[in-house]
Amino acid sequence: MRFSKMLIPTLREVPADAEAISHILMLRAGYVRQLAAGLYIFLPLGWRVLAKINAVLKQEMEAIGAQEVSMPILHPAEIWQQTGRWDAIGDEMFRLKDRTGRDMCLGMTHEEIMTWLASREIRSYRDLPQTWYQIQTKLRDEARPKSGVLRTREFIMKDSYSFDADENGLEKSYQLHGEAYHRIFKRCGLKFYQVESDPGMMGGATAHEFMAPSPAGEDEVALCSICGYAANVELAISVPPEIKFEDWQFEEIHTPEKRTVQEVSSFLKLKPEYFIKSILVISENGPVLALVRGDQELHEKKLTKIIGTHRPAQKIEVKEILGVEAGFIGPMNQKIRVVADTTLKEGIYVSGANKPHYHVKGIKPRRDFNAEWHDIHIAKDGDRCAKCGNRLRIEQCIEIGNIFKLGTKYSIPLKAVYLDENGNEKVIIMGSYGIGPARIAAAAIEQNNDKDGIIWPKSIAPFDVEILPLNMKDAKTIEIAEKLYKDLTKKGIEVLMDDRDERAGVKFKDADLIGIPTQIILGEKNLKEGLVEIKDRRTKGAVKAKVEEVAANIKS
RNA sequence: CGGGGCGUAGCGCAGUCUGGCUAGCGCACCUGCCUUGGGAGCAGGGGGUCGGAGGUUCAAAUCCUCUCGCCCCGACCA
């Protein structure tokens with residue numbers, strides 16, 4: 001491909017709206033343009049990268065026996081009503097009516113439609129297992145699109161769905177996908193982790209996410225490098241650092257105007273970990289007092305799993321329900337439900353005295369108050385691994401893929417059943433597995449860039465090689481450039497030739513920005529000796545090679 | 001949806017507080033000359049409903065009201 005003929009609108013300056021590195025570089029290097037919030041145009045270079053990624057996805061999907069299909073993006077409401085998700089999902093679903101007034105929606109995922117198909121076409125255990133996948137557009141009316149192509153309202157997704165006769169079959173399909181995903185992300189040149197994740201609205205018991213570490217990511221994962229424990233902080237369990245307790249006597253202490261843990265902590269000159277933080281929330285079944293250690297944060301989602309949906313209590317409510325102003329509430333003598341973090345089971349603590357401007361020192365959990373004990377704190381960097389006791393670290397990550405064991409959540413309501421060997425009707429067991437190609441591209445950039453621009457992993461670069469004929473007015477340069485272009489292309493190597501009549505500096509800057517892994521530089525002086533330079537984008541290291549040996553030096 | 005910021009040429013910005021000549025700068029773009037190993041130089045040129053609507057005023061990019069859009073933080077997130 002010739003640069004002069006291709007739409008590659010590079011930008012010298014950083015666009016004001018972009019913040020994430022991948023977003024800035026995709027815009028600057030001419031890979032994407034934004035149409036509106038969360039809607040992106042993929043320009044020729046960007047589209048080539050996605051095509052490369054999709055090719056890897058297809059290969060690895062076919063390798064585990066998955067079959068590609070194409071699904072409608074416009075769905076009738078009825079199917080989503082049958083699984084309950086028409087009502088369960090809120091504003092995130094794009095809804096519309098057709099001309100007859102029939103309710104429709106735009107597909108945000110395809111469990112319903114895939115299951116509908118399975119329910120009609122799968123009859124017998126002989127038809128199983130099946131795995132179907134597609135690489136298509138999904139639409140979600142995201143509350144907050146952000147970070148370029150990382151969170152958009154319309155995006156391409158590779159989603160596959162497995163249909164098995166029983167749990168063992170599902171386990172096998174799940175493992176196959178997990179292994180395929182490892183190969184895919186490895187081939188795409190990404191650093192990534194497989195972590196336990198919250199099945200959430202998808203239902204089902206087991207789920208894992210594939211996470212590419214990057215500061216642009218929206219997720220945090222807890223990782224133990226000793227035993228390999230890896231989990232999204234949404235569900236990660238951890239043991240906060242142990243502390244030494246003093247043998248305090250139970251005593252009330254006057255703490256005028258000291259309300260927060262921090263205030264009381266510095267007032268009493270005691271570290272926050274010696275405090276019990278009491279947080280009042282209002283659940284659907286009434287108020288609940290949640291307790292975590294002073295240096296910990298309450299994990300809303302973990303609490304939700306125990307007490308259901310809830311909201312923080314307002315200041316007036318605290319006073320009405322507990323009879324004391326927030327800031328002086330403590331766990332003792334409470335008549336309402338109390339849920340405490342397991343960290344607090346042992347030790348002697350300080351907490352509110354349930355009396356204005358007083359705290360209590362020397363509180364012994366289980367002696368001075370009782371509670372339901374659960375892990376309800378957020379795992380933090382430096383906590384201990386709950387499995388092996390070693391130090392956990394927290395890393396920010398981009399979710400690039402996920403795998404879910406769905407079980408029968410969709411097959412039951414949509415009546416996806418089959419007859420087994422004995423003629424008994426059984427429900428199909430399902431799994432679903434997603435990958436976001438644009439997120440792979442963005443993660444690859446986040447993980448591979450320098451001050452000059454993108455450094456693509458070879459496998460997903462838009463081209464293999466960029467030829468830089470520095471002086472387009474020099475006949476010899478053009479002649480050799482054309483020859484190299486032809487030779488390399490013939491070998492199946494994808495070549496971009498910067499045939500623009502630009503100064504050398506411009507070509508170098510653009511080439512580095514665009515990030516094609518290998519540059520072949522044609523300078524007049526070198527050409528006089530029959531030499532060109534082969535330069536590695538990542539290392540910036542260059543070697544001189546004879547013109548006729550270039551093709552042999554470049555591996556396709 | 002809550003909080004914050006921004007909207008002036010393709011891109012990046014100044015001008016707005018304190019209203020006043022033809023709305024400016026850099027880059028990009030077009031023409032010519034020159035130049036050719038890291039975003040050159042000189043000369044000339046084109047390009048603007050100042051996000052939109054309404055209002056105040058002799059006069060509005062600038063003040064007021066409403067509205068739309070985009071970004072960031074949070075909530076939310078198959």
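Convention: sequence-line order gives letters A, B, ...; per-chain numbering from 1. Only heavy atoms go into these numbers, but all of them, side chains included; no hydrogens, no water, no symmetry mates.
Remark: P of C76(B) and CD of E218(A) are 13 Å apart, rounded to the nearest angstrom. Atom CD1 of I478(A) and atom P of U36(B) are 16 Å apart (whole Å). C77(B) atom C1' lies 12 Å from atom CG of N232(A), rounded to whole Å. Distance, D501(A) CG to C29(B) P: 12 Å, rounded to whole Å. The nearest whole Å value for the distance from the CG atom in D17(A) to the P atom in C73(B) is 13 Å. Rounding to whole angstrom units, CD of residue E399(A) and P of C77(B) are separated by 14 Å. When the C1' atom of G38(B) is taken as reference, atom CG of L470(A) falls 10 Å away, rounded to whole Å. L39(A) has its CG atom 10 Å from the P atom of C71(B), to the nearest Å.
R151(A) contributes a side-chain N or O that forms a donor-acceptor pair with the base of C77(B) under 3.5 Å. Judged by atom type and distance alone, N471(A) does not reach the base of G37(B) through any side-chain donor-acceptor pair under 3.5 Å. For D510(A) and G39(B), a side-chain-to-base donor-acceptor distance below 3.5 Å is present, hydrogens and geometry of angles not being considered. Side-chain atoms of E524(A) stay outside donor-acceptor range of the base of G37(B), with no qualifying N/O pair under 3.5 Å.
Heavy atoms of E533(A) sit under 4.0 angstrom from at least one base atom. Within the 4.0 angstrom heavy-atom criterion, base atoms lie near R28(A). Residue contacts for N526(A): at a heavy-atom cut-off of 4.0 Å it reaches a base atom on one of the strands shown. Looking at heavy-atom distances under 4.0 Å, A36(A) makes contact with sugar-phosphate atoms alone, never a base. At the heavy-atom level, D512(A) lies under 4.0 Å from base atoms of the strands shown. At a threshold of 4.0 angstrom between heavy atoms, the contacts of A37(A) are confined to the sugar-phosphate backbone, with no base atom among them. Contact annotation for E142(A): no contact, since no heavy-atom pair falls under 4.0 Å across all strands. T477(A) comes within 4.0 angstrom of no nucleic acid atom, judged by non-hydrogen atoms across all strands.
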Taking only nitrogen or oxygen atoms into account, show me every contact under 3.5 Å that the protein makes with nucleotides 9-11 of chain B, one pair per line with its distance.
unit_1: C11(B); atom_1: O2; unit_2: E13(A); atom_2: OE2; d: 3.4

Could you pull out the protein-nucleic contacts involving nucleotides 41-47 of chain B (nitrogen or oxygen on both sides, under 3.5 Å)?
none

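Taking atom P on both nucleotides, G10(B) is separated from G52(B) by 13 Å, rounded to a whole Å. G41(B) and U36(B): their C1' atoms are spaced 13 Å apart (whole Å). Taking the C1' atom of each, G51(B) and C70(B) are spaced 10 Å apart, rounded to whole Å. Here, C73(B) and G47(B) have their C1' atoms 38 Å apart, quoted to the whole Å. Taking atom P in both C64(B) and U18(B), one finds a spacing of 9 Å when rounded to whole Å. Only the C1' atoms considered, G15(B) is 33 Å distant from G2(B), to the nearest whole Å.
For G46(B), there is no paired base (Watson-Crick or G-U wobble, both distances below 3.5 Å). Across all strands shown, C27(B) forms a Watson-Crick or G-U wobble pair, both distances under 3.5 Å, with G10(B). Pairing for G2(B) goes to C73(B), judged as Watson-Crick or G-U wobble with the two contacts each under 3.5 Å. In this structure, U62(B) makes no Watson-Crick or G-U wobble pair, since no nucleotide meets both defining distances under 3.5 angstrom.
In summary, the side chains of K158(A) and N54(A) do not present any donor paired with an acceptor at a separation below 3.5 Å, with no hydrogens or angles considered. A donor and an acceptor atom, one from each side chain of Y410(A) and R85(A), are located under 3.5 Å apart. Side-chain contact annotation: S197(A) with N232(A), donor-acceptor N/O pair under 3.5 Å absent. A side-chain donor from one of E111(A) and T109(A) sits under 3.5 Å from a side-chain acceptor of the other. Residues Q175(A) and E179(A) have side chains that never bring a donor and an acceptor to within less than 3.5 angstrom of each other. For the 3.5 Å distance criterion, the side chains of E112(A) and T83(A) qualify, holding a donor opposite an acceptor. With 3.5 Å as the limit, one finds a donor-acceptor pair spanning the side chains of Y433(A) and S162(A).
Along RNA chain B, the nucleotide nearest I403(A) and the nucleotide nearest H23(A) are compared for position; the residue whose nucleotide lies closer to the 5' end is H23(A). For K473(A) and K509(A), each mapped to the nucleotide of RNA chain B holding its nearest heavy atom, the one lying further toward the 5' end belongs to K473(A).
Ring pair F42(A)/Y31(A): centre-to-centre distance not below 6.0 Å.
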Practice task
With ring pair (Phe, Tyr, Trp, His ring centres under 6.0 Å) as the test, would you mind laying out the steps for Y161(A) and Y133(A) before giving the verdict?
Solution key: CA-CA 6 Å; Y161(A) 303 84; Y133(A) 80 99; over 10 Å; no
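Tested against F463(A), the residues V495(A), L496(A), I514(A), V49(A) include a single side chain to side chain contact (heavy atoms under 4.5 Å, CB included) partner, L496(A).
Using a 4.0 Å cut-off, some side-chain N or O of R12(A) falls inside it from OP1 or OP2 of A28(B). The phosphate of C73(B) (OP1 or OP2) has a side-chain N or O of R144(A) nearer than 4.0 angstrom.
Under 4.0 Å is where a charged nitrogen must lie from a carboxylate oxygen, and between K544(A) and E529(A) no such pair does.
Nearest nucleotide to the A143(A) side chain, out of G37(B), A75(B), C72(B): A75(B). When distances are taken from the side chain of E92(A) to each of A40(B), C72(B), C77(B), the shortest belongs to C77(B).
Annotation: cation-pi geometry satisfied between K405(A) and Y174(A) (NZ/CZ under 6.0 angstrom from ring centroid, within 45° of ring axis).
Residues satisfying the side-chain contact (heavy atoms from CB on, under 4.5 Å) test with A118(A), not counting sequence neighbours, are I122(A), W132(A), F163(A).
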